[in-house]
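FYI, the numbering just counts along the sequence from 1.
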Amino acid sequence: MTATAAAPKTHSSAGPGAGAFAGTATLIRFALRRDRVRLSVWLLALALGTLATASEYATLYATAEERAGVAATMDSPAALAMTGPRHYLSDYDIGAMLGHQLLGFMAVLVGLMSVLTVTRHTRNEEETGRAELVRSTVVGHHAQLASALAVAAAANVALAVLVALALVSARIDGIGTDEALLYGLTHTVIGLVFAGIAAVTAQVTAHARGAAGMALALIGVAYVLRASGDVGNDALSWLSPIGWIQRTYVFVDNRWWPLLLCLASAALTAATGFVLSARRDVGAGLRPARPGRRTASEALTRPFGFALRLHRATLLGFGAGLFLMGVMYGSILGDAADMVKDIEQVREALAEIGGSSVAESFASMVMVVIAVVAAVYVVMAGLRPRAEESAGRAEPLLATGLSRHRWLGSHVAVALAGGTALLLAAGLGFGVAGAASTGDAALVGELLGAAAVYAPALWVTGGVAVVLFGWCPRAASAAWIVPVYAFLVGYLGAILRFPDWMNNLSPFGHAPRLPAAQMNWTPVLVLTALAAGLILLGLAGFRRRDLETK
């Protein structure tokens, strides 16, 4: 659906006396109706993930001696940068472990949910033209932003309730009702902070991806400030909302007042978003579009160059993130043996992987996580054609001499090549930092190779996305099952002793586990052939069906 020429461009079309927030309740109901599945998946995944982690900690660290051993290994700069402040280590029971090791990671995920929710119901609606049509009725100029923030707030409050109930139902020693409620509320307030940040970034740029990208970049900055402060100057952590919620010291001191800092920040950023929204036209951003070149570059006249331009920002963001992820894991590689020496289940999982040292086995296990994160990009890039088709941008291109195979193939090529480049970037960071922490310079080449062998599994993941898009576009989102399942069985399954047949259902389960295992070319070639077959099948399906536009 596109905006009509008769649709107004004024800030408000609600009519005299209607009020700036007229129609907000209706838009809230509509947004909840649209996101009922999306938000339900988010909430259940986060709540069940918290419950599974708490239960896993209770199983792995059943005695005080085991928990004390973990606390000792966590008291290093690299470990603190990846987890949280040192004060949690003073009384390291299961609850303290949850707050120390999981809270910062969950803050990133909750922030991601909030940012995507707000930008989806604000900037994305304007970019597609739907907001202009809605605001041509009796709807106030603040109603859309207010409804988006209300939906994000409702989701975060529901998450707090689910997380608290999940922890209370687990009946773990050291986790009481009050502590579980505080832990749940930390998720709510950090979600509100990043929802407010998204409300501001949605006013700055005219594009949904740009608004989400800026907000996600600020989440990354908040995490880096928190990590820097926990390792060195504590003042840096107080510049980060993630640092604020970690300073509740939930399950240790149970301080409630840092939540007020998050609520004040959320109110300030949300209010700023409302003020800025009144200073621009519908569909426009506060930041003026930069004038382009007088003529397009030669690359933009070709399908691959044009597709690469569309994917460029996402690819660069993932590249920076995965490189830093590799560096963070590599920095603790030298301490891997000490970190797992008192954890029987992890030691058994590493022993099954093999390798001449704990560092090699640990690197092989971590490489699965890195490959899954790269697969997230591949799925996002593989589903970009679906977004282009639904928004009506593919139809004008395909009405020219551009064939369907070349158009879809260019996006697929960027997804596969980009995913492979991400693996190499992560492997490089992992290898350089690992070599520095262990003193073994050979790890640079070994970990680069260990990352590269997962490329065919990424290509299979992209092939699944292409098949779903080509034959059943409305079910294309099911491609997300592949990386989620791969993480569950490839990483957690090794610790929780899942049966082998579950790992065999994942393409990542067939990649050689370098550097611990020997190189085996057979699964690599089979996965490559399977990926090629899936991509050809998807291209054939797309050629046979009609375009679907909203």
Side-chain angles (χ1 to χ4, degrees), residues 28-59 94-95 98-99 101-121 148-172 175 177 179-192 194-195 198 216 219 245 250 369 372-373 375-376 379-380 383 468 474-493 495-496 498 502 505-506:
I28 291 173
R29 292 194 297 271
F30 181 54
L32 290 174
R33 175 71 173 79
R34 290 177 60 195
D35 282 2
R36 65 190 186 281
V37 175
R38 186 187 303 266
L39 289 179
S40 296
V41 171
W42 267 107
L43 297 179
L44 288 176
L46 293 174
L48 293 177
T50 300
L51 178 60
T53 303
S55 300
E56 180 186 349
Y57 285 166
T59 301
I94 299 301
L98 199 66
Q101 299 185 32
L102 190 64
L103 190 53
F105 176 69
M106 289 291 290
V108 174
L109 294 180
V110 175
L112 177 62
M113 177 186 74
S114 300
V115 166
L116 295 180
T117 299
V118 172
T119 55
R120 170 176 164 81
H121 294 292
L149 290 172
V151 170
N156 284 292
V157 170
L159 177 62
V161 174
L162 289 175
V163 167
L165 290 176
L167 292 179
V168 171
S169 66
R171 300 183 182 277
I172 298 174
I175 298 181
T177 302
E179 292 90 345
L181 180 59
L182 175 58
Y183 184 78
L185 288 176
T186 59
H187 294 64
T188 297
V189 295
I190 196 65
L192 293 178
F194 289 121
L216 295 178
I219 294 177
I245 63 170
V250 59
V369 181
V372 169
V373 176
V376 171
V379 173
M380 290 179 63
L383 296 182
L468 290 172
R474 295 188 179 183
S477 296
W480 287 108
I481 294 174
V482 179
V484 171
Y485 182 82
F487 176 77
L488 291 176
V489 301
Y491 181 68
L492 297 180
I495 299 174
L496 301 179
F498 288 175
M502 294 184 65
L505 295 178
S506 168

Enquirer: For Arg474, does the CZ atom have more than 12 heavy-atom neighbours from other residues, nucleotides or ligands under 6.0 Å away?
Expert: no
Enquirer: Taking all non-hydrogen atoms of both residues into account, name the closest pair between Ala180 and Ile175 and its distance.
Expert: CB-CG2, 4.3 Å
Enquirer: Go through the steps for Thr186 and Met106 under the test side chain to side chain contact (heavy atoms under 4.5 Å, CB included), then give the verdict.
Expert: CA-CA 10 Å; Thr186 59; Met106 289 291 290; over 6 Å; no
Enquirer: Could you walk me through whether Leu109 and Leu46 pass the side chain to side chain contact (heavy atoms under 4.5 Å, CB included) test, one step at a time?
Expert: CA-CA 8 Å; Leu109 294 180; Leu46 293 174; 3.8 Å; yes
Enquirer: For residues Ala47 and Leu162, report the shortest heavy-atom separation together with the two atoms involved.
Expert: CB-CB, 3.9 Å
Enquirer: What residue among Ile28, Thr117, Val118 forms side chain to side chain contact (heavy atoms under 4.5 Å, CB included) with Leu149?
Expert: Val118
Enquirer: Counting only heavy atoms from other residues, nucleotides and ligands, does the tally under 6.0 Å from CD1 of Ile481 exceed 12?
Expert: no
Enquirer: Give the C-alpha distance, both sets of side-chain angles, the deciding distance and a yes or no for side chain to side chain contact (heavy atoms under 4.5 Å, CB included) between Phe194 and Leu112.
Expert: CA-CA 8 Å; Phe194 289 121; Leu112 177 62; over 6 Å; no
Enquirer: Write down the atom of Leu51, the atom of Ala166, and the distance for their closest heavy-atom approach.
Expert: CD1-O, 3.3 Å
Enquirer: Among pairs that include at least one residue of residues 154-169, which meet side-chain hydrogen bond (donor to acceptor under 3.5 Å, both in side chains), considering only residues two or more places apart or in two chains?
Expert: Ser114-Asn156
Enquirer: Does any part of the side chain of Leu159, heavy atoms only, come nearer than 4.5 Å to the side chain of Val110, both counted from C-beta?
Expert: yes
Enquirer: Within a strict 4.5 Å, meaning less than it, do heavy atoms of the Leu98 and Leu167 side chains meet?
Expert: yes
Enquirer: Counting C-beta onward and ignoring hydrogens, is there a side-chain heavy-atom pair between Leu43 and Met113 closer than 4.5 Å?
Expert: yes
Enquirer: Quick check: do Trp42 and Asp35 have side-chain heavy atoms less than 4.5 Å from each other?
Expert: no
Enquirer: Just so I know, are the side chains of Thr177 and Leu181 near enough to count as touching, which here means a heavy-atom distance under 4.5 Å?
Expert: no
Enquirer: Walk me through whether Val151 and Leu39 qualify under side chain to side chain contact (heavy atoms under 4.5 Å, CB included).
Expert: CA-CA 10 Å; Val151 170; Leu39 289 179; 3.9 Å; yes
Enquirer: Looking at Tyr57 and Gly95, would you say the former's side chain and the latter's main chain have a donor-acceptor pair under 3.5 Å?
Expert: no
Enquirer: Donor-acceptor pair, distance only, cut-off 3.5 Å: does the side chain of Ser55 make one with the backbone of Ala52?
Expert: no
